[in-house]
Amino acid sequence: MKQQKRHRTNLISSVILIVMACLLVFLSVVLYNHTRLEIRFDTLILWLKELDDAIVALDSNVEIVLCIFALYIAKCQLPIPMGFLCVISGIVFPITQAVVINLVFTAFFFTVKYYEGRFIGGGWTGMILGIKQLHFIRDWIQFKGNGNPYVLFVSRIVPSIPLGMVSKYYGSMKYDFVYYTCLSLLGFAPRLFIYTKIGSAIYNPFSVQFIVLLMIIVAFTGISIITFNVFYGIKSKQMNQTLLIYSEKEKYKIVL
């Protein structure tokens, strides 16, 4: 059984590593030939630049902000990627304004999900962490019932961890709202900036800046998933050994 779990953990990590390596190699080739690609796809780049000029020429920025805000409201209940919303703001507005807009609306999203968890409960996260094999993760997150600030911060940095599920769970624990908001925004800030920067550079998808940003996201996502998978495998093994020790003590009535 232990060998099967170890084999499964190693297999998942290997698959993720291979996929990440293939994507990075592909992006490296694109980066090396970016000048040729810009010339070959100059029609596409010209169309994207015309689209950029058309957006800049729009009269009412307020209406655009309201439309983006509506998407963030929809994100509260629909599985819309947060990175996609940040990219949209980066496409429409200059980088500084786009970052501010995304920061404010992301804080709104975190607030909604926090109070949703506070009044309704942890939702799917609570159900998943209720599984016996995941109790060690639940105990680590709860941190003696007070909530672990380090887990909250790291969960915002790692792209593979759902933002809404974590927010609801911390809300269900009634974690301090001010600390929750500050840690969430600080942890998500690097991703928010990169996603927004991608939006500002999307008008030339073969530029060095755009390709490098994609490589950073691919590498960071892959490494974070592998790290979590290895961590889960180690902790799961430790918990199995602990349960085995206690079962043996109960069997032979050993009292320490």
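Here the structure is a predicted model, which means the values were calculated and not measured.
In terms of heavy atoms, Leu27 sits closest to Ile211 at O-CG2, 3.5 Å. Between Ser200 and Ile95, the shortest heavy-atom distance links the atoms OG-CD1, 4.3 Å. When all heavy atoms of Ala98 and Ser89 are compared, the pair lying nearest together is CB-O, 3.4 Å. Here the shortest heavy-atom pairing between Cys76 and Lys113 reads O-NZ, 2.8 Å. Between Phe177 and Thr111, the shortest heavy-atom contact is CZ-OG1, 3.6 Å.
At a threshold of 4.5 Å between non-hydrogen side-chain atoms, the residues Phe193 and Leu213 do not count as touching. Between Phe188 and Met82 there is a side-chain heavy-atom pair separated by less than 4.5 Å. Contact of the Leu85 side chain with the Phe109 side chain is not registered, since no non-hydrogen atoms from C-beta on lie closer than 4.5 Å. For the pair Ile73/Phe69, a side-chain contact is recorded, criterion being any heavy-atom separation below 4.5 Å from C-beta on. In this structure the side chain of Met20 never reaches within 4.5 angstrom of the side chain of Thr221, judged on heavy atoms. A heavy-atom distance below 4.5 Å is found between the side chains of Phe93 and Ile68. The closest side-chain heavy-atom distance from Leu152 to Ser184 is below 4.5 Å. Arg118 has its side chain out of reach of Met173: every pair of non-hydrogen atoms, C-beta onward, lies at least 4.5 Å apart.
Using a distance-only test at 3.5 Å, with no hydrogens or angles considered, a donor-acceptor pair links the side chain of Tyr180 to the main chain of Phe110.
In this model, no donor atom of one side chain and acceptor atom of the other lie less than 3.5 Å apart for Thr181 and Tyr114. Side-chain polar atoms of Thr196 and Arg191 form no donor-acceptor pair below 3.5 angstrom.
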Check against side-chain contact (heavy atoms from CB on, under 4.5 Å), Tyr72 and Ile80: CA-CA 9 Å; Tyr72 273 89; Ile80 303 173; over 6 Å; no
Worked check of side-chain hydrogen bond (donor to acceptor under 3.5 Å, both in side chains) between Arg156 and Ser167: CA-CA 10 Å; Arg156 302 314 192 188; Ser167 300; 2.7 Å; yes
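Linking Ile, Leu, Val, Met, Phe, Trp and Tyr whenever their side-chain heavy atoms come within less than 4.5 Å leaves Val29 and Ile217 in two separate clusters. Ile18 and Leu23 fall into different hydrophobic clusters, defined by Ile, Leu, Val, Met, Phe, Trp and Tyr side-chain heavy atoms under 4.5 Å apart, directly or through other members. Placement of Val25 and Val218 in two distinct hydrophobic clusters is found when ILVMFWY residues are connected by side-chain heavy-atom separations under 4.5 Å, directly or transitively. Follow the hydrophobic side-chain contacts under 4.5 Å out from Tyr32 and you never reach Val212; the two are in separate clusters. There is no path of hydrophobic side-chain contacts, each under 4.5 Å, that joins Val178 to Val166.
The line from CG of Leu192 to CG of Asn102 is 5.0 Å long, rounded to the nearest 0.5 Å. In this structure, the separation between OG on Ser155 and CG on Leu163 is 7.5 Å, given to the nearest 0.5 Å. Taking CD1 of Ile120 as the reference point, atom NZ of Lys168 lies at 6.0 Å (rounded to 0.5 Å). The distance from the CG atom of Leu185 to the CZ atom of Phe153 is 11.0 Å, given to the nearest 0.5 Å. Atoms CG and CG, from Leu31 and Leu24 in turn, are 11.5 Å apart once rounded to the nearest 0.5 Å. With values rounded to the nearest 0.5 angstrom, Leu186 atom CG is found 9.5 Å from Ile157 atom CD1.
Aromatic ring centres of Phe84 and Tyr195: separated by at least 6.0 Å.
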